[in-house]
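The structure displayed is predicted, hence computed values, not measured ones. Within every chain, numbering begins at 1; the chains are lettered A, B, ... in the order of the sequence lines, protein sequences first and strands thereafter.
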Amino acid sequence: MSLLAEIAVSVLIVIGASFALVGSWGLLRLPHLMARLHAPTKATTLGVGSVLLASMVYFFAIGKGVSMHELLIVLFLFLTAPISASFLARAYLRAHVAPDVLPPAGEQGWATFARRSDDAHDAPATSATRAPPQD
Amino acid sequence: MSDAGLLDHALAFGFVAFGLALLLNLLRLVKGPTTTDRVLAVDTMVIDVIALIVLLGIRQSTQAYFEAALLFAMFGFVATVSFCRFMLRGRLVE
């Protein structure tokens with residue numbers, strides 16, 4: 001394994017680990033959940049992507065060919081991180097934020113607060129009403 | 001693999017940093033005022049564990065762990081989404 005490849009792998013690992021550390025530090029330090037959501041879903045995902053890139057470079061450099069597993073994991077993580085963040089934000093909105101403090105969202109109202117036919121009876125809805133009428 | 005310690009030092013830094021990140025997440029998991037905070041902490045822990053598995057694969061120079069990492073990624077996502085669905089709708093299955 002050449003020195004250049006070793007330096008590249010090391011730098012990628014250090015960058016990725018730093019990003020993950022910053023993400024977890026933000027998760028611990030930021031004041032409320034809507035702020036906290038940003039640190040792990042962006043910084044940590046980028047850190048893991050960097051580590052997986054380092055693994056890809058490493059296995060290419062020691063002559064095991066280009067492995068597609070890392071690419072698969074990176075693709076999956078980068079696709080699913082925004083989805084889970086959006087789900088977490090919606091769950092938080094529904095459980096802890098009253099609909100009338102939110103800005104109006106057109107005549108349909110906030111979809112997060114709309115009552116749906118498949119809701120369980122004890123669904124934690126703070127208010128089943130649509131968004132308050134404008135003007 | 002060359003005998004120089006550069007990669008070993010980088011791997012050691014990576015293990016320590018991800019371990020520290022896991023500890024910070026665990027702190028948030030214990031503290032977290034709302035359930036959503038706890039779900040977010042667990043989701044982040046899963047992602048950090050994936051990185052640890054990949055680092056272990058680099059250290060032992062083996063590709064045997066990638067299926068485990070992929071399974072962790074998938075089950076972590078499914079767990080987060082089902083937790084949130086349960087909190088949103090009060091039930092999991094339509």
### Query
Transitively linked via ILVMFWY side-chain contacts under 4.5 Å: B/L52 with B/F75?
no
### Nearest-0.5 Å distance, CZ of residue B/R38 to CG of residue A/L33
12.0 Å
### Message
Taking side chain as everything from C-beta outward and backbone as N, CA, C, O, which of these in B/D43 sits under 4.5 Å from a heavy atom of chain A? Side chain, backbone, both or neither.
### Response
side chain
### Task
Examine B/F15 and B/F72 and state if one hydrophobic cluster contains both, with Ile, Leu, Val, Met, Phe, Trp and Tyr joined whenever side-chain heavy atoms are less than 4.5 Å apart.
yes
### Summary
For A/V51 and B/A51 the tightest heavy-atom approach is CG1-O, 4.1 Å
### Query
Measuring heavy-atom distances to chain B, does A/L27 have an atom under 4.5 Å in its side chain, in its backbone, in both, or in neither?
both
### Query
What closest approach, in Å, do A/A17 and B/G14 show between heavy atoms, and which atom pair accounts for it?
CB-CA, 3.8 Å
### Task
Tell me, out of A/V48, A/I13, A/T80, A/V9, who's got the most heavy-atom pairs with chain B below 4.5 Å.
A/T80
### Summary
Residue from B/D37, B/I47, B/I50, B/L55 scoring the most non-hydrogen pairs under 4.5 Å with chain A is B/D37
### Task
Answer yes or no: is there a side-chain heavy-atom contact under 4.5 Å between A/S24 and B/F18?
no
### Message
If I measure from the heavy atoms of chain B, does A/L12 come under 4.5 Å with its side chain, its backbone, both, or neither?
### Response
neither
### Query
Given that the side chain runs from C-beta out, which part of B/L40 has a heavy atom under 4.5 Å from chain A: side chain, backbone, both or neither?
both
### For A/L21 against B/A17, the heavy-atom pair lying closest together
CD1-O, 3.4 Å
### Message
Hydrophobic clusters here meaning ILVMFWY residues chained together by side-chain heavy-atom distances under 4.5 Å, can you tell me if A/V11 and A/V14 are in one?
### Response
no
### Task
List the steps, then state whether side-chain contact (heavy atoms from CB on, under 4.5 Å) holds for B/L20 with A/W25.
CA-CA 9 Å; B/L20 210 60; A/W25 181 246; over 6 Å; no
### Task
Given side-chain contact (heavy atoms from CB on, under 4.5 Å), test A/R90 with B/M87 step by step and report yes or no.
CA-CA 9 Å; A/R90 280 172 56 196; B/M87 282 189 285; over 6 Å; no
### Intermediate values then yes/no, side-chain contact (heavy atoms from CB on, under 4.5 Å), A/S18 and B/F13
CA-CA 9 Å; A/S18 310; B/F13 176 79; 3.9 Å; yes
### Summary
Ranked by heavy-atom pairs below 4.5 Å to chain A, first place among B/T80, B/T34, B/L22, B/D48 goes to B/T34
### Query
Honestly curious: do B/L29 and B/L27 fall in one hydrophobic cluster under the side-chain, below-4.5 Å linking rule?
no
### Query
Which atoms of B/F66 come close to chain A, meaning under 4.5 Å heavy atom to heavy atom: side chain ones, backbone ones, both, or neither?
both
### Message
Let's test your reading of the structure: which of B/V39, B/V16, B/T62 forms the most heavy-atom pairs below 4.5 Å with chain A?
### Response
B/T62
#### Entry: Residue A/F87 versus chain B: region with a heavy atom under 4.5 Å
both
#### Entry: Trace of the side-chain contact (heavy atoms from CB on, under 4.5 Å) decision for A/H69 with B/Q63
CA-CA 9 Å; A/H69 296 265; B/Q63 287 177 313; 5.7 Å; no
### Task
Could you state whether A/V57 and A/V74 fall into the same hydrophobic cluster, counting links through intermediate Ile, Leu, Val, Met, Phe, Trp or Tyr residues with side-chain heavy atoms under 4.5 angstrom apart?
yes
### Query
Which bit of A/F76 comes within less than 4.5 Å of chain B, counting heavy atoms only: side chain, backbone, both or neither?
side chain
### Task
Provide the closest heavy-atom pair for B/S61 versus A/I62 in the form atom of the first, atom of the second, distance.
OG-CD1, 3.5 Å
### Query
A/L77 versus chain B, heavy atoms under 4.5 Å apart: side chain, backbone, both or neither?
side chain
### Message
Tell me whether A/F19 at atom CZ has more than 12 heavy atoms from other residues, nucleotides or ligands lying less than 6.0 Å away.
### Response
no
### Query
Among A/I83, A/I7, A/L88, which has the most heavy-atom pairs under 4.5 Å with chain B?
A/L88
### Message
For A/H32, is the NE2 atom crowded, meaning more than 12 foreign heavy atoms sit under 6.0 Å from it?
### Response
yes
### Euclidean distance, A/H96 NE2 relative to B/T36 OG1, rounded to 0.5 Å
4.5 Å
### Message
Please find the pair of heavy atoms, one from B/A21 and one from A/A20, that lie closest to each other, and give the distance.
### Response
CB-O, 4.0 Å
### Message
Any heavy-atom pair between the side chains of A/Y58 and B/L7 that's under 4.5 Å?
### Response
yes
### Structural part of B/M45 lying under 4.5 Å from a heavy atom of chain A
neither
### Message
Does A/L4 have more than 12 heavy atoms from other residues, nucleotides or ligands lying within 6.0 Å of its CG?
### Response
no
